[in-house]
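Quick note: residue numbers are just sequence positions, from 1.
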Amino acid sequence: MDSPGALRWMSSRAESQTIYAAGLVQGIALVTFPAASTILTAPGSYALTSSQYGSMFIPQVITAVTTSLLEASLGRRFGRKRVYLAGLAGDLAAMVLLIASYFMASDHGAAYRLLLAATACLGAGFGLTVPSINTFTAAFHPAAVDRSVLVLNALLGLGTALAPVFVTVFVGLGFWLGLPILAAALLVILFGVSARLPLRTDPPPRPVQAAGAAQVGGAAQRGAPRTRTPVPAQFWIFAGFAVLYGFCETMNGNWSQLDLESLKASATQASLALTAFWAMTTAGRVLFAAIARWFPSRLAYHLLPFLLAGVFVLIAVLPAGTPGLGILAFALAGLGCSALLPLTISFGQEKLTAMSGGVAGGIIAFYQLGYGIAAFGVGPLRSAGITLPAVFGISAAVAVAMGVAAFAVAHRRPSPSSLHPRPGGQLVSG
């Protein structure tokens, strides 16, 4: 008969592997809609205009911001496992609605309403699942928190890179709907396995601290009076950086395929550009974490926005018929984005100590605001006659502004002890 210790070890291992799998599947689900951008805008399919395609992500932004800010309180009230399962259910609902929209494509109004509902569910799934799996992986690996969070981040990024690959494969088979069906099947399996596991986290220690700081950090002493701590003025510098970063990342993540399509690239080449972007975003995070001893992360934080600005200029001047250069450019853009958001959260958690427990949620919320600006704002610009390459050129100015903000965020600050957010913070998406 197995000893209780052995059974608990086996259960803990199963929990850890399941959470890692959740990161991979969440990444696939998150990029399903941008990966299908050329299909959603194709005249013979959904025939969405640029404005409709951009507006499709507004519900996602609203629900992602709302749930990411509420996730911690929901976890305390209903339990972390229930919140995590609710997030998986939101992702699954998004895939089911996307599949349903396929059969309504001839009725453009009905199909578009289903797409809006789908992205709303996806935003809720993201906002509930991602911080939950970050908390779980930190709890399951207390002796190696930084490494476990890095692995989870890498798997989440791998999922975002795989989604456009799967779209290419299924389009080649003449059945692009295979991607949401595959994602839905994986989510059903993941939900079933997760529901059977205990997925418990030990209660956090309750240190003696000021009531205001406890309120912000979510660890107030039992029975202590709760008062609000004003948001430090410095937080708004971090928030502004997050908005600029969200805009720059989304220009690549949501519009790269359509940009390459405008340069006469094939659908396969356009999907490869999106894959290259997300793959390099993930690889860059792993790389900068690995070389932090020799190449301080603070230096990377100051240099990467200007690399990104240069890449935006390159994308803007790419001539038609050069898909290879376009793929390379978006790969470099992924490297430029790679470490910026996790480092912003890490700097914030170490600098804004009065609200360290709420830094990640606040920064992610403003990152989503930047996501929404880029996802929606490009559509009206294109309707006004401004080409996508021109919009990428304009985005170079945003990246330069982000570079200036990077010096304000990390002004006279040593490199953070970890490239990725510490336990209790939220894992970044992509």
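- Taken to the nearest 0.5 Å, the CG atom of L299 stands 9.0 Å off from the CZ atom of F288.
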Worksheet item: So V65 and L369, side chain to side chain contact (heavy atoms under 4.5 Å, CB included) or not? Walk me through it.
Response: CA-CA 8 Å; V65 170; L369 177 59; 5.9 Å; no

Practice prompt. Decide yes or no on side-chain hydrogen bond (donor to acceptor under 3.5 Å, both in side chains) for S68 and Q368, but give the supporting numbers first.
Written response: CA-CA 10 Å; S68 64; Q368 286 289 330; over 6 Å; no

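- When atom types are taken as modelled, the side chain of K351 and the backbone of A410 share no donor-acceptor pair closer than 3.5 angstrom.
- Residues F277 and C337 form a side-chain contact, since some pair of their non-hydrogen atoms from C-beta on lies under 4.5 Å apart.
- Here CG of L70 is found 8.5 Å from CG of L128. Values are rounded to the nearest 0.5 Å.
- With a 4.5 Å cut-off on side-chain heavy atoms, I28 and L179 count as touching.
- When side chains are defined from C-beta on, V31 does not count as touching L162, because their heavy atoms never get closer than 4.5 Å.
- Formation of a donor-acceptor pair under 3.5 Å by the W255 side chain with backbone atoms of A374 is found in this model.
- Annotation: F136 is not in aromatic contact with H141 [ring centroid separation under 6.0 Å not met].
- In terms of modelled atom types and a separation under 3.5 Å, the side chain of S262 and the main chain of D259 share a donor-acceptor contact.
- From L48, atom CG reaches atom CD1 of I39 across 11.5 Å, with rounding to the nearest 0.5 Å.
- The heavy-atom pair separating M56 from Y112 by the smallest distance is N-OH, 3.5 Å.
- Counting only distance, with no hydrogens or angles, the side chain of T135 and the backbone of P131 share a donor-acceptor pair below 3.5 Å.
- Side-chain N or O atoms of T137 include none that pairs as donor or acceptor with a backbone N or O of I133 at under 3.5 Å.
- The backbone N or O of G157 lies less than 3.5 Å from a partner atom in the side chain of T160, making a donor-acceptor pair.
- To the nearest 0.5 Å, atoms CG (L186) and CD (Q26) are separated by 12.5 Å.
- Q257 places none of its side-chain heavy atoms less than 4.5 Å from the side chain of P34.
- No donor-acceptor pair closer than 3.5 Å links the side chain of Y371 to the backbone N or O of Y245.
- S101 places a side-chain N or O within donor-acceptor distance of the main-chain N or O of L98, the cut-off being under 3.5 Å.
- Note: F241 and Y301 meet the aromatic proximity criterion, with ring centroids under 6.0 Å apart.
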Discussion item. Would L340 and M402 count as a side chain to side chain contact (heavy atoms under 4.5 Å, CB included) here? Give the steps.
Written reply: CA-CA 10 Å; L340 292 177; M402 182 169 60; 3.8 Å; yes

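- Checked by atom type, the side-chain pair Q52/Y46 shows no donor-acceptor distance below 3.5 Å.
- Crowding of F306 atom CZ: a count of heavy atoms from other residues, nucleotides or ligands under 6.0 Å exceeding 12.
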Practice prompt. With side chain to side chain contact (heavy atoms under 4.5 Å, CB included) as the test, would you mind laying out the steps for L304 and S338 before giving the verdict?
Written response: CA-CA 8 Å; L304 289 179; S338 60; 4.1 Å; yes

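- Of the candidates T18, T129, L85, L24, L190 forms a side-chain contact (heavy atoms from CB on, under 4.5 Å) with just one, namely T18.
- Using bins of under 30°, 30° to 60° and over 60° for the plane-to-plane angle, the ring pair F330/F392 lands in the perpendicular bin.
- Between the side chain of H108 and the backbone N or O of A47 there is no donor-acceptor pair closer than 3.5 Å.
- Ring orientation note: the planes of F170 and F166 are tilted relative to one another, at an angle of 30° to 60°.
- Side-chain N or O atoms of T63 include one that pairs as donor or acceptor with a backbone N or O of A120 at under 3.5 Å.
- In this structure, L260 and I327 have side chains that are in contact, with non-hydrogen atoms separated by less than 4.5 Å.
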